[in-house]
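We number each residue from 1, following the sequence as shown. No experiment lies behind these values; they were computed from the predicted model shown. Counting convention: from 1, in listed order, for ligands and their atoms alike.
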Amino acid sequence: MDGEYRSVREVQSSEFDGREAFVRGWIHRTRSSNKYVFIVLRDSTGIIQCVGSREDIPDLFDIAKELLVESSVRLKGKVKKDDRAPGGYELHMTGIEVVHAAERFPITKDQSEEFLRDNKHLWIRSRRMNAILKVRSTVTGAIHSFFRERGYHEFTPPIFTPNACEGGSTLFEVKYYDSTIFLTQSWQLYAEAAIFSLERIYDVSPTFRAERSKTSRHLSEFWMAEMEAAWIGYLDAVRIAQDEVKHILGRVLNENMEDLELLGAEPERLRKSLDVEWPVITYTEALDILKEKCNMDVEWGKDLRTIEEERLMENFSTPVTVIQYPKEVMAFYKPVEEGADAPGPVAKCFDMLAPGGYGEIIGGSERDMDIGSLKAALEREGESVENYDWYLDLRRYGSVQHSGYGLGVERLIAWICKLDNIKDAIPFPRTLNRVRP
Ligand code: ATP
Ligand code: MG
């Protein structure tokens, strides 16, 4: 069928009302009577109801009636305003070309989440996944624009690495010729090398962690958006992180309102959070809140667990940044904050927690400049210091104050889209129990 094909979105406009249009896509739903066939056509931009009568498409009416969902078709017809139709317009078909008649589609209504995830290669066509993936694209695009507009350079780290960064227990080992190495847990050590050349850098990269506990917020393969900058302290990084998340929310609210509505994501809660300051509290203050408002006693010095983060966040409706966690429970590269008002040594570090039970979305810190304390911390963690020799070199040649953080892209998407499970924030999730499809 020859003609200029338009997107479903494009033809659902007053400009096309009463005009002939060509559209193409997949059959989302279909029903028919003796006289009419109704096809809801789906393309990447949306759905449109298309109506054909036996009179208008005499040769093709019976073929159209028999088509199964997900068949690919090209349609020609006249656009007509109809307030009852989804999108407000209908297409009155005058021509139909079957590109590929689908077999019976395995996904029907009311199937379990596991079934849908087993069939993710097909479920990815659903309106729900389509909306999530559009939000995801806006989110990563917004991360790039945020940093580029502020003079940061994109810096891409290696994925195969010889070192642990976040502790050995979550490393994935990979056979590498005749030896064994790891998949990256964070770009950080390489980012710290790169700031001596580029000063301000960011990336959005895949990250791998063998997370043995099954939670609704851990993936084995996820995307981390990280930044690292010379000449800044961790509190500067907190401000950048807040600005970044607000920038992303603003973009999504601008570009994905329909997607958020379709997902039932309550975009108003996001919009409201843009108008207010986001709290920054210390770990010690967080324990006070837990004690006073949540009746929860956490021993000073213990890391906050998921349940504690959740209860803490019940007191807030915007993201909250918790700073100065106990040095003891923090990774080796986080320096001590001298003179902090706390019962024990605390680190120059922070986590940003999202409200609504979505947990930690960002983790960041200043990086220790002192070679002696870095070595001591590595030894305490049972790491072999020689493995980090190249990293320690960064403290030998013109070391400067620097800080950075990592944002969990899927965690952020899960919060923005109000998803029950992080597995839906990524097209093909990998977890302890899932590597297919
Ligand atoms: P958690 O305590 O929740 O496991 P973490 O402290 O290990 O997080 P960081 O090392 O600070 O996390 O990583 C930075 C960010 O990456 C986190 O704030 C989070 O948003 C995200 N992240 C970490 N691990 C995972 C994972 N397994 N799946 C998805 N996102 C993750
Ligand atoms: Mg973790």
Side-chain angles (χ1 to χ4, degrees), residues 136 139-140 143 157 161 163-172 182-189 191 202-228 234 237-238 240-242 244-245 248 283 286 302-310 312-313 319-323 325-326 329-334 347-367 381 403-417 419 421-435:
R136 187 179 169 102
V139 167
T140 50
I143 293 167
T161 74
N163 299 93
C165 180
E166 294 299 320
S169 65
T170 64
L171 282 172
F172 273 111
F182 310 109
L183 294 179
T184 181
Q185 288 176 310
S186 164
W187 82 330
Q188 186 189 320
L189 305 186
Y202 80 97
D203 79 329
V204 187
S205 293
T207 305
F208 304 88
R209 295 190 187 180
E211 307 276 8
R212 296 206 167 265
S213 58
K214 285 180 268 173
T215 81
S216 59
R217 58 171 83 139
H218 286 93
L219 295 161
S220 308
E221 175 181 289
F222 63 100
W223 287 68
M224 194 133 84
E226 294 166 278
M227 69 76 78
E228 191 76 30
Y234 73 110
V238 168
I240 298 167
Q242 291 179 329
E244 179 188 358
V245 176
I248 297 168
Y283 162 86
K302 291 244 149 62
D303 204 357
L304 293 182
R305 295 172 307 164
T306 302
I307 177 71
E308 287 137 11
E309 288 177 354
E310 272 176 17
L312 175 70
M313 290 309 292
V320 172
T321 304
V322 181
I323 60 171
Y325 283 77
V329 292
M330 291 290 114
F332 72 92
Y333 53 75
K334 300 182 185 177
K348 294 180 166 183
C349 68
F350 66 96
D351 279 356
M352 188 188 288
L353 310 178
Y358 287 93
E360 180 192 323
I361 52 173
I362 293 181
S365 77
E366 206 156 310
R367 319 308 193 184
E381 288 189 11
S403 302
Y405 61 81
L407 176 157
V409 172
E410 289 77 17
R411 295 254 181 109
L412 182 66
I413 292 170
W415 171 52
I416 290 176
C417 294
L419 306 179
N421 198 307
I422 195 168
K423 285 186 214 157
D424 295 335
I426 189 162
F428 293 100
R430 271 80 182 93
T431 61
L432 186 57
N433 297 325
R434 179 172 293 288
V435 281

Test item, I422 contacting ligand 1 (heavy atom, 4.0 angstrom): yes

Heavy-atom side-chain proximity of L171 to Q185 below 4.5 angstrom: yes

Under 3.5 Å side-chain donor-acceptor pair for E244 and Y405: yes

Under 4.0 Å to a heavy atom of I362 - the qualifying atoms of ligand 1, by number: 18 (O)

Within-cut-off N or O pair, I361 and ligand 1, under 3.5 Å: yes

For R217, the ligand 1 atoms whose distance to one of its heavy atoms is below 4.0 Å: 28 (N), 29 (C)

Numbered atoms of ligand 1 (with element) below 4.0 Å of G363, judged on heavy atoms: 11 (O), 18 (O)

Any M224 heavy atom less than 4.0 Å from ligand 1: yes

Location of contacts on H218 toward ligand 1, heavy atoms closer than 4.0 Å: both

Test: E410 and R136 ion pair at under 4.0 Å: yes

Min N/O separation G408 to ligand 1 under 3.5 Å: yes

Heavy-atom nearest neighbour of atom 11 (O) of ligand 1 within options E360, R209, E226: E360

G406 neighbourhood, listing ligand 1 atoms whose heavy-atom distance to it stays under 4.0 Å: 14 (C), 15 (C)

Backbone N/O of L353 and side chain of E309: donor-acceptor pair under 3.5 Å: no

Subset of ligand 1 atoms that lie under 4.0 Å from at least one heavy atom of L219: 26 (C), 27 (N), 28 (N), 29 (C)

Within-4.5 Å side-chain heavy-atom neighbours: M224 and R209: yes

Where ligand 1 meets E211 - atom numbers and elements under 4.0 angstrom, heavy-atom basis: 24 (N), 26 (C), 27 (N)

Distance-only donor-acceptor check, side chains S186 and E226, under 3.5 Å: yes

Residue pair I248 / I416, side-chain heavy-atom distance below 4.5 Å: yes

Pairs meeting criterion side-chain hydrogen bond (donor to acceptor under 3.5 Å, both in side chains) with involvement of residues 348-361, two or more places apart: Y325-D351, K348-E366

